[in-house]
Amino acid sequence: VYPKEIELLLDSLPGVGESAVIGVPDPDFGEAVVAVIVAEDPAARPDPEQLRALAIALQCGDGFLHHALIIDSVCQWCFPSCMAAAAAAI
């Protein structure tokens, strides 16, 4: 599964404005897949575990999405580096 496939799925879910899927170091798996999600409405942030469960139910598979992190906003010109910094906080 490619990151873009998971991003397209997540972007179609309620409450998701946009997403980025990245890999972060993981002691058990070598690398863990993390979705950093910008909430469509910061006042009504989606539940990360609910989004993860929906992604699993919609064929992303349990092994493909280890964590989901919800943020309120991100600067568009630095989106990739902001996503990496946010995921490192997990």
Checklist entry - Distance-only, no hydrogens or angles: does the Asp11 side chain make a donor-acceptor pair with backbone N or O of Ser19 under 3.5 Å? => result yes

Checklist outcome for this item: For Pro46 and Ala39, the nearest pair of non-hydrogen atoms, with its separation, is CD-CB, 4.0 Å

Next on the checklist: Please find the pair of heavy atoms, one from Asp26 and one from Asp28, that lie closest to each other, and give the distance.
Outcome noted: OD2-N, 2.9 Å

Checklist entry - How long is the gap from CD on Glu18 to CG on Leu10, to the nearest 0.5 Å? => result 12.0 Å

Item to check | Closest non-hydrogen atom pair, Glu40 against Val16 | outcome: CB-C, 4.0 Å

Checklist entry - Roughly how far, to the nearest 0.5 Å, is the NZ atom of Lys4 from the CG atom of Leu9? => result 12.5 Å

Next on the checklist: Evaluate Val34 against Val21 for side-chain contact (heavy atoms from CB on, under 4.5 Å), listing each step before the verdict.
Outcome noted: CA-CA 6 Å; Val34 176; Val21 174; over 6 Å; no

Checklist entry - From Leu51 CG over to Leu13 CG, what is the distance, rounded to the nearest 0.5 angstrom? => result 6.0 Å

